[in-house]
Amino acid sequence: MNQTDQAFLPFARPDVGDAEIDAVTRVMRSCWLTTGAETQAFERDLVEYLGGDLHAVAVNSATAGLHLALEATGVGPGDEVIAPTLTFTATVEVARYLGADAVLVDVDPVTLNIDPTRIEAAITPRTQAIMPVHYGGLACDMAAILDIAARHGLQVVEDAAHALPSTHGGTLVGQLPSAATVFSFYANKTITTGEGGMVVTRDSALAARMRVMRLHGISRDAFDRFTSRVPAWYYEVVAPGFKYNLTDMAAALGRVQLARLPAFLQRRQQLAARYLAELRDLPLQLPVEAPAADTHAWHLFVLRLSDAARLTRDELIDRLAAAGIGTSVHYVPLHRQPYWRDRYGLRPEQFPVADRAYQRMFSIPLFTAMSDDEQTRVIAALRAALR
Ligand SMILES: *Cc1c(COP(=O)(O)O)cnc(C)c1O
């Protein structure tokens with residue numbers, strides 16, 4: 001890059017300010033760095049944000065949370081878990097951790113969310129759970145999915161990595177009557193703790209199991225022992241658990257980010273509305289908006305090239321990169337990933353919607369720390385490339 005080039009605009013950039021730095025520093029100067037009071041407060045804060053009446057289990061990644069949620073709902077060897085092919089591998093790798101199998105299905109051509117009719121067709125006597133992914137921050141057709149689950153006696157574990165905050169039928173994702181909902185606080189998500197996640201559930205027994213499995217299968221966690229009045233050294237191991245707890249430094253960062261979430265959402269909505277207005281006349285299929293009463297979290301802004309476009313998706317990504325604009329593709333569908341393809345003998349023809357979308361899709365920069373001028377550059381570069 002020479003000096004006349006503008007700075008490269010990344011596809012995403014976290015929005016961390018002095019308040020976050022101060023909060024983390026405060027924890028670092030205290031005598032408690034691992035899971036403790038800050039983490040418990042972060043769990044309470046998220047429950048309050050979601051409207052109460054939930055149990056929250058903070059974890060060191062959404063992947064860990066998905067693993068704990070499936071384990072707690074009883075997914076085990078030989079079971080099948082139904083999920084969309086158009087997702088990140090984390091959604092379904094956790095089924096394999098438990099010896100279960102992933103059954104991948106196609107998505108809806110408009111929303112790119114899992115297609116409920118494909119779920120129903122994929123159910124077998126081995127099916128144990130459905131894992132909807134709220135793609136890009138647009139809630140799945142949860143009414144249909146919860147109805148299918150109820151009729152077939154299946155668990156629903158929502159991958160809500162993109163969906164803080166999203167609503168379905170006016171209800172926040174996290175409050176819908178699924179077994180558990182898992183949020184991600186990875187660096188590029190709508191709020192971040194660097195690495196981290198949270199599982200929420202209405203079910204106290206499920207929450208209790210996840211708390212135990214989050215920390216080695218120990219019946220009391222280190223903070224309880226540290227602050228307890230009764231002899232603190234004694235604990236019982238009741239299962240071969242995991243090491244999935246969140247640090248208090250991460251939780252402190254997350255609490256400040258959560259307090260900023262309403263402003264973050266507003267900024268994302270503003271950026272999305274401008275893209276929708278100013279890219280309308282280009283040979284692009286724009287992302288669909290949420291129904292009128294609902295909220296789209298706008299974690300991603302995913303465009304698809306129309307047939308009328310005179311260049312390929314890969315050529316367009318190269319043009320944008322040459323103009324100093326970062327993009328990404330969400331996702332190389334799992335049926336094209338060697339592990340999943342080969343394990344289940346998957347072919348692209350089995351997933352016509354996701355496969356066609358994949359070949360045309362790209363995600364453009366949409367993050368709260370992005371300026372109006374930076375967005376102008378993205379729009380101008382797209383217009384120039386698609387002229
Ligand atoms: C980011 C993401 C995950 C994993 O989140 P981590 O917190 O990084 O473990 C899972 N599913 C989807 C759809 C994601 O985008």
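Just so you know, ligand 1 is whichever comes first in the structure, and atom 1 is the first atom listed for that ligand.
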Seminar exercise, completed: min-distance protein heavy atom vs atom 15 (O) of ligand 1 -> H162 NE2, 2.7 Å
Exercise. Starting from atom 11 (N) of ligand 1, which protein heavy atom do you reach first, and at what distance in Å?
Worked result: D159 OD2, 2.7 Å
For this session: Inspect the contact between R151 and D147 and indicate whether a charged nitrogen and a carboxylate oxygen are less than 4.0 angstrom apart.
Result: yes
Exercise. With atoms numbered from 1 as shown, which atoms in ligand 1 lie under 4.0 angstrom from a non-hydrogen atom of Y186?
Worked result: 8 (O)
Exercise. Near R280 CZ, under 6.0 Å, is it more than 12 heavy atoms from other residues, nucleotides or ligands?
Worked result: no
Problem set entry | NZ/NE/NH1/NH2 to OD/OE distance under 4.0 Å, R341 and D355 | no
For this session: State the atoms of ligand 1, each with its element, that fall below the 4.0 Å cut-off from a heavy-atom position in S61.
Result: 7 (O), 9 (O)
Exercise. Looking only at heavy atoms of Y331, does any of them come nearer than 4.0 Å to an atom of ligand 1?
Worked result: yes
Exercise. Which atoms from ligand 1 have a heavy atom of T87 less than 4.0 Å away?
Worked result: 13 (C)
For this session: Take R118 and D108 through the test salt bridge (Lys or Arg N to Asp or Glu O under 4.0 Å) and record every step on the way to the result.
Result: CA-CA 9 Å; R118 305 277 179 172; D108 179 90; over 6 Å; no
Problem set entry | Verdict with reasoning, E80 to T124, per side chain to side chain donor-acceptor pair (under 3.5 Å) | CA-CA 8 Å; E80 289 175 351; T124 76; 2.7 Å; yes
For this session: May I ask whether G196 has any heavy atom positioned less than 4.0 angstrom from an atom of ligand 1?
Result: yes
Exercise. Parallel under 30°, tilted from 30 to 60°, perpendicular over 60°: which one fits the rings of H162 and Y331?
Worked result: parallel
For this session: Compute the ring centroids of Y358 and H335, then answer whether they are less than 6.0 Å apart.
Result: no
Exercise. Mind checking whether E195 has an N or O less than 3.5 Å away from an N or O of ligand 1?
Worked result: no
Exercise. So which of H67, M131, H330, K189 gets nearest to atom 14 (C) of ligand 1, if we judge by its closest heavy atom?
Worked result: K189
Exercise. Do any nitrogen or oxygen atoms of F88 come within less than 3.5 Å of a nitrogen or oxygen of ligand 1?
Worked result: no
For this session: Starting from atom 4 (C) of ligand 1, find the nearest protein heavy-atom neighbour and note its residue, name and distance.
Result: T63 OG1, 3.7 Å
For this session: Mark up the atoms of ligand 1 that fall under 4.0 Å of a heavy atom belonging to T91, in ascending order.
Result: 11 (N)
Problem set entry | Greater than 12 external heavy atoms within 6.0 Å of D281's CG | yes
For this session: Please confirm whether Y186 and F88 have ring centers closer than 6.0 angstrom.
Result: no
Problem set entry | Proximity to ligand 1 by part of A62, non-hydrogen separation under 4.0 Å | both
